[in-house]
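In what follows, chains are A, B, ... by sequence order, proteins preceding strands, each numbered from 1.
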Number of protein chains: 2
Amino acid sequence: MSKDSRDVPAPPWRKSRRPAQVKRQLSQELIVETGLRILDAEGFDALSMRRVAQELDTGPASLYAHVSGKEELLELIYDRVLSEVRLPEPDPARWKEQLREYAQEVHRVFREHADVARAALANIPTGESSLRAGEFTYGLLIEAGMPPAEASLAMDRLTLYLVGDAYEGSLHWARMRAAGMSGPEEYFQAFVAQIISYYQGLPRERFPHLSEHVMDLTAGDGEDRFTYGLELLLDGIEARMPKA
Amino acid sequence: MSKDSRDVPAPPWRKSRRPAQVKRQLSQELIVETGLRILDAEGFDALSMRRVAQELDTGPASLYAHVSGKEELLELIYDRVLSEVRLPEPDPARWKEQLREYAQEVHRVFREHADVARAALANIPTGESSLRAGEFTYGLLIEAGMPPAEASLAMDRLTLYLVGDAYEGSLHWARMRAAGMSGPEEYFQAFVAQIISYYQGLPRERFPHLSEHVMDLTAGDGEDRFTYGLELLLDGIEARMPKA
DNA sequence: ACCTGAACACCGTTCAAGT
DNA sequence: ACCTGAACACCGTTCAAGT
C-alpha cells in the first residue's frame, strides 16, 4: 500500500524488502505528503509520528531530522491543504460575492481533507498558502472600504468560522469511522434517528420547544448549516461596510 | 494535593496511606469533579484516565465501572461546566439582548474552564445543562417570531461560534503553559511581538495589505474579537427576524 | 456490583551511536 | 548531515480474578 505501484516484486532470496540504494530519501515534503495521505484515508487519530515513519519504512526518530515534532508536521499538512484553495483576481467592488466564493472554496477543500481542520485552530497563519489566503481576504475588505482595524476582526472571525465548522465536521467523520459505517448517508441516518428518539422522549413541560420541533432541529445537513452561518456573517459584515 | 486538607496525618506504623474503610467511594460525580479539577489546573493534555485514577488512589481500570470511557468522561465534564451558566427568565421581546447576555455568560464560564471546549465540539447536547441552554436559546428565537426550521440553524451556528471561539482560546492557553509562562499578559506580549516581527519581514510586493497593517492585525484581544463576531451573528439573525 | 493488577497495543520524543 | 535502535515516560482499554 505504501509501495510505489511501479515496483517490481522483489526476488525471494533478497532479504531486505527495500534495498538501501532504492530506498526513498526522506524529505520534509515526503513526510508531509505521507502524513496527509494517512489523515485523508484513516483520520486524525490514525496520524502518528510512528505511523508516518512506518509508512516510510523507517523508525520514528528519523523524522526528527526534517520536522521539529508532531505539531510542526500538523502545521505543514495544514498549509499543504490550503495550497489547494484557488483564489480569483481580487475585485473589491464584488467583495461580498468573492468572500462568499472564497469561503465556499475553503469549505470544499476542507471537506476533501476532512480531518485537517483539527490541525488548524489557533495557528496564526505563517505558511505560504495561509498567507496567500490572508492577503486575499484582508485586501478585499480594505479595498472595499473597511477600516484596517475592523477588517482584521472581520477576517479573524470569518477564518474561525471556516475552521470551526470544518473541525466539527471532522469529529462527525471520526464517529462515523469508529462506528464502522460505510458512508455519510448511513451515518447521518443513524445519527438523526438517535437524536429524534432522544428528543422525543424529553419531558415536554421542561423542554417544550425542543420536544415540539424535533423534525426542524434535525432537518438541515452540513451544507445548509454552513451556508446559513456564512450568510449571517457576510450580512453582518455588509451592514458594517461604509457605503460607497 | 489530592488529599483532603482536613485529614489528620497517618501514624507512621500504618502501612497503607489511606485505609480501606476511610477511602472515598468512587462515583461518577467524584470522577467528573476530579477530571474537571485536572483540566482547570493543568490543561487538556494532562487529563487522562490514568491521571484521574491516580488522583483517586486507584488504578485506571476502576473508572470503567462508572464511566464508559474517556469520551463519556469528557462529555460529562462538559455538561458539568455548562451547569454553571445562569439563565434569565426568557423575554422574547428582548431576544437580542438576552441572546447577547447568554453568549457572554457562556463565554465567561468557558473562560473560567479554559480547556473544556476541547471536549465539546460535535456533541449533540444530551446532558441536563446542555438541554437547558438549548431550550433557552431555541425558545427565545421561536417566541420572538422566527420559524422553527430557521431557528434551528441560527441556534446551531451560535453554539458553534461559542464553542469554536473557546476552543481557539484553549489552544492559546495550552501554548502558554507549554512555554512555561506565568500569565496571559506575558504570553500575549511575547506572541504579539513574534507575529509583528514576522509580518513585518514579509515581502511587501506579494503581501501588501498584511505587511502594511501589522499593528491593526495584532490589535484586538480575545474579548474584542469574541464580541465583534457575536455582534456580526446577532445582527445577521436580527435582519432575518420577521418584523413584529 | 464494584474494584483490582497485569497485560496489550499503542503514543511522542530523546539520545548515544553509527554512516 | 542524516539516519537508526533502544529506551523513557507515558497513553486508553480489556480481562480474568478477586471481594
Side-chain angles (χ1 to χ4, degrees), chain A residues 2 15-32 34-35 38-39 41-77 115 118-119 171 174-175 177-180, chain B residues 2 15-32 34-35 38-39 41-77 115 118-119 171 174-175 177-180:
Chain A
S2 79
K15 280 218 182 98
S16 62
R17 289 191 302 125
R18 191 186 290 280
Q21 62 272 31
V22 167
K23 185 165 185 177
R24 279 169 299 188
Q25 283 298 119
L26 282 184
S27 71
Q28 191 177 84
E29 206 205 320
L30 185 56
I31 291 170
V32 169
T34 308
I38 296 171
L39 199 66
E42 297 169 62
F44 189 81
D45 294 332
L47 177 60
S48 69
M49 299 298 277
R50 298 179 107 101
R51 181 62 203 287
V52 171
Q54 188 196 96
E55 210 79 16
L56 294 167
D57 280 329
T58 182
S62 304
L63 306 179
Y64 286 80
H66 301 93
V67 135
S68 70
K70 192 178 185 181
E71 197 178 316
E72 189 182 88
L73 176 57
L74 289 173
E75 279 172 33
L76 291 167
I77 292 176
D115 277 3
R118 286 166 85 169
L171 291 187
R175 290 191 167 203
R177 242 189 298 255
Chain B
S2 81
K15 281 220 184 97
S16 61
R17 291 190 304 124
R18 193 187 288 281
Q21 63 273 29
V22 167
K23 183 163 185 179
R24 278 169 300 189
Q25 283 297 119
L26 283 184
S27 71
Q28 191 176 83
E29 206 204 321
L30 185 58
I31 291 170
V32 169
T34 307
I38 296 171
L39 198 66
E42 297 169 62
F44 189 81
D45 294 333
L47 178 60
S48 70
M49 298 300 275
R50 297 180 108 101
R51 182 63 203 286
V52 172
Q54 189 196 94
E55 211 79 17
L56 294 168
D57 282 330
T58 184
S62 304
L63 307 179
Y64 287 80
H66 301 92
V67 135
S68 72
K70 192 177 186 183
E71 196 177 319
E72 189 182 88
L73 176 56
L74 289 173
E75 278 171 35
L76 291 167
I77 293 176
D115 278 2
R118 288 166 84 171
L171 291 188
R175 290 191 168 202
R177 243 187 299 255

What is the distance, to the nearest angstrom, from the [atom1] atom on [X] to the [atom2] atom on [N]?
X	N	atom1	atom2	answer
Leu26(B)	dT19(D)	CG	C1'	15 Å
Asp45(A)	dG12(C)	CG	C1'	15 Å
Tyr64(A)	dT14(C)	OH	P	7 Å
Gln28(A)	dC2(D)	CD	P	12 Å
Ile31(B)	dC2(C)	CD1	P	11 Å
His66(B)	dT4(C)	NE2	C1'	13 Å
Asp57(B)	dC3(C)	CG	C1'	14 Å
Phe44(B)	dG12(D)	CZ	P	10 Å

Exercise for the section: Taking atom P in both dA9(C) and dA9(D), compute the distance separating them and give it to the nearest angstrom. Expected result: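 Comparing P positions in dA9(C) and dA9(D) gives a spacing of 23 Å.
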Handout entry: C1' spacing across the pair dA17(C) / dC2(D), given as an integer number of angstrom
Key =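 Taking atom C1' in both dA17(C) and dC2(D), they lie 13 Å apart.
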Problem - Given dT13(D), dG12(C), dT4(D), the nucleotide with the shortest approach to the side chain of Ser48(A) - result: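 For the Ser48(A) side chain, the nearest candidate turns out to be dG12(C).
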Exercise for the section: Between dC3(C), dC11(D), dC11(C), spot the one nearest the side chain of Arg51(B), thanks. Expected result: dC11(D)
Determine whether a donor-acceptor pair (N or O, by modelled atom type, separation under 3.5 Å) exists between the side chain of [X] and the backbone of [Y].
X	Y	answer
Glu42(A)	Ile38(A)	no
Glu72(B)	Val67(B)	no
Gln54(A)	Arg50(A)	no
Ser62(B)	Thr58(B)	no

Handout entry: Structure string for DNA chain D in dot-bracket form, Watson-Crick and G-U at under 3.5 Å, | interchain
Key = ||.|||||...|||||.||
Handout entry: Given DNA chain D, 5'-ward residue of the pair Arg50(A) and Ala65(A), judged by closest heavy atom
Key =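 Looking at the nearest nucleotide for each, Ala65(A) comes out on the 5' side.
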Handout entry: Ala61(B) or Ser27(A), whichever maps to the more 5' nucleotide of DNA chain D
Key = Ser27(A)
Handout entry: Basic-acidic side-chain contact under 4.0 Å: Arg177(A), Asp115(A)
Key = yes
Exercise for the section: Quick one: label Ser62(A) by what it contacts on the DNA or RNA (base, sugar-phosphate, nothing), any heavy atom closer than 4.0 Å. Expected result: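 The residue Ser62(A) makes base contact.
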Handout entry: Close side-chain approach of Leu63(B) to Leu73(B), heavy-atom, < 4.5 Å
Key =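 Not touching, per the 4.5 Å side-chain cut-off.
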Exercise for the section: Decide yes or no for Leu171(B) and Phe44(B): does some side-chain heavy atom of the first lie under 4.5 Å from some side-chain heavy atom of the second? Expected result: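 In short, these two side chains do not touch, never coming nearer than 4.5 Å.
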Practice task
Take Pro60(A) and Pro60(B), find for each the nucleotide of DNA chain C with the closest heavy atom, and name the residue whose nucleotide sits nearer the 5' end.
Solution key: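 Closest to the 5' end, via its nearest nucleotide, is Pro60(B).
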